[in-house]
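Residues take their numbers from the sequence shown, with the count starting at 1. Indexing begins at 1, ligand by ligand and atom by atom, following the structure's order.
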Amino acid sequence: MAEPTYTIAGHQITAPPLEPALYLVATPIGNLRDITIRALETLAACDVLACEDTRITRRLLDRYGIAAKPIAYHEHNAREAGPRLLAALADGRSVALVSDAGTPLISDPGYRLGLEARQAGHAIVPIPGPSAVLAALAASSLPTDDFRFIGFLPAKDKARCDRLTALRAEPTTLIAFESPHRLAQSLKAIEKAMGADRTVCVARELTKRFETVTTGTAEELSSRFANETIKGEIVLLIAPAEVGGGQATSADVDALLTDLLSHMPAGKAAREAAQMTGLARADLYARILARKDRDG
Ligand code: SAM
């Protein structure tokens, strides 16, 4: 059998053989030159290449002269395709998974496959590279030391508002994927739920020709994007709530406690909230108990 190769700038390069494993391969989010050498080697040398849309992945493979024949693995065929990929791993073959763009599993198919492969004892190898989440965060000028990725905001107005209200006291940078036709409503909802002064960033078409990164207050961006026809792919980022320095409002503290209590016991929630807000732990604990009494 011919050796697997890939081609860069007219140079054909042989890809080294791969150990059997599930390889999670990041691919470009726009600019096809944003791909690592290891990703090219893996795409060229894997025994099985699974992707969301074979036409999209074919374009990438053609660009780098890779002969692999991708097969489809997406949310609609995961039930049938997943077991076939697991069987290939069980046969000692190397399986590479890519999504249409960016890092697979990040709001993209592959979570269940990765989990089942690990449970079956197969090696999982990440081949890191582009992801819209980190590219947007880096370009946003918002704090990067503590951030939270929240996937896509809910599409329905009420659910979106509820989600943003629950997150209003979150002391970390929030990162969401957004569709262009919902951007204006989401910015309005942020303004309403988190305040007109909250800093937000809209990162559009990253790595592509019409890349733009716009940062401003919720009020500014909300009125700006209300009058624009918005196209392209978008990451929406929200600056952390200013809960430190005694600036937290009572509603902020309540929202923070609600969020913390949804995934930790009262004592720990009071301690974490104290660290985040600078308020006394005992007062916060008393507040939690009072809420419990009130709400039954
Ligand atoms: N797994 C991918 C990743 O790691 O980047 C994300 C997949 S998710 C289904 C697709 C969403 O990512 C888009 O709707 C958009 O919000 C965001 N996105 C992808 N490419 C982008 C780009 N070039 N610029 C801005 N946002 C992008």
Side-chain angles (χ1 to χ4, degrees), residues 22-36 38-39 42-43 49-57 59-60 63 70 72-78 96-115 124-142 144 147-156 160 163-164 167 173-187 189-190 200-216 221 225 228-238:
L22 175 62
Y23 294 86
L24 304 173
V25 185
T27 58
I29 57 169
N31 188 326
L32 288 191
R33 284 153 59 206
D34 290 332
I35 187 147
T36 69
R38 222 171 140 224
T42 307
L43 298 181
L49 172 55
C51 67
E52 265 189 286
D53 182 331
T54 52
R55 286 161 307 180
I56 290 178
T57 298
R59 243 177 272 148
L60 178 68
R63 166 74 185 256
Y73 174 80
H74 45 66
E75 58 177 319
H76 304 296
N77 78 348
L97 176 71
V98 298
S99 60
D100 286 349
T103 301
L105 281 74
I106 308 302
S107 295
D108 268 342
Y111 166 73
R112 180 152 288 282
L113 179 65
L115 178 65
I124 315 268
V125 180
I127 308 290
S131 176
V133 178
L134 290 185
L137 177 64
S140 71
S141 309
L142 296 180
T144 53
F147 59 88
R148 178 166 167 192
F149 171 58
I150 56 172
F152 284 93
L153 285 171
K156 297 223 162 83
R160 190 195 301 121
R163 179 101 171 100
L164 289 167
L167 290 166
T173 295
L174 297 170
I175 307 172
F177 288 156
E178 192 48 285
S179 93
H181 64 271
R182 281 200 291 269
L183 177 67
Q185 287 128 288
S186 287
L187 288 167
I190 293 169
V200 291
C201 171
V202 173
R204 262 198 297 178
E205 294 288 87
L206 296 171
T207 79
K208 304 186 205 175
R209 184 156 171 226
F210 296 108
E211 174 180 282
T212 54
V213 178
T214 316
T215 302
L221 294 207
F225 285 103
E228 252 187 58
T229 312
I230 302 145
K231 288 199 181 130
E233 297 197 279
I234 292 168
V235 182
L236 181 55
L237 303 98
I238 306 171

* **Residue portion contacting ligand 1 (non-hydrogen atoms closer than 4.0 Å) for E178** => backbone
* **Nitrogen or oxygen atoms of I29 and ligand 1 under 3.5 Å apart** => yes
* Please confirm whether F177 comes within less than 3.5 Å of ligand 1 when only nitrogen or oxygen atoms on both sides are compared. => no
* Structure fact -> atom 18 (N) of ligand 1: closest protein heavy atom, distance to 0.1 Å, is A132 CB, 3.5 Å
* List the closest protein heavy-atom neighbour of atom 26 (N) of ligand 1: residue, atom name, distance to the nearest 0.1 Å. => V235 CG2, 3.4 Å
* Spacing of I106 atom CD1 and S99 atom OG [to the nearest 0.5 Å] -> 9.0 Å
* Taking non-hydrogen atoms only, is L105 closer than 4.0 angstrom to ligand 1 via side chain, backbone, both or neither? -> neither
* Structure fact -> protein heavy-atom neighbour closest to atom 10 (C) of ligand 1 works out as F152 CZ, 4.2 Å
* D108-ligand 1 polar pair, N/O distance under 3.5 Å -> yes
* For ligand 1, does A101 get within less than 4.0 Å through its side chain, its backbone, both, or neither, judged by non-hydrogen atoms? -> backbone
* Asked: How close does the nearest protein non-hydrogen atom get to atom 20 (N) of ligand 1, and which residue and atom is it?
  -> E233 OE1, 3.3 Å
* **Polar contact flag for V133 and ligand 1 (N/O pairs, less than 3.5 Å)** => no
* **N/O donor-acceptor pair under 3.5 Å between T214 side chain and C201 backbone** => no
* Structure fact -> atom 9 (C) of ligand 1 sits nearest the protein heavy atom S107 O, 3.1 Å
* To do: For R204 and E211, indicate whether the former's side chain and the latter's backbone hold a donor-acceptor pair under 3.5 Å.
  => no
* Hey, is ligand 1 close enough to S131 that some N/O pair sits below 3.5 Å? -> yes
* To do: Keeping the roles fixed (side chain from D108, backbone from L105), state whether a donor-acceptor pair exists under 3.5 Å.
  => no
* **Taking atom 15 (C) of ligand 1 as the reference point, the nearest protein heavy atom with its distance** => I234 O, 3.4 Å
* **Nitrogen or oxygen of A203 less than 3.5 angstrom from that of ligand 1** => no
* Asked: Relative to ligand 1, is L206 under 4.0 angstrom through side chain, backbone, both or neither, heavy atoms considered?
  -> both
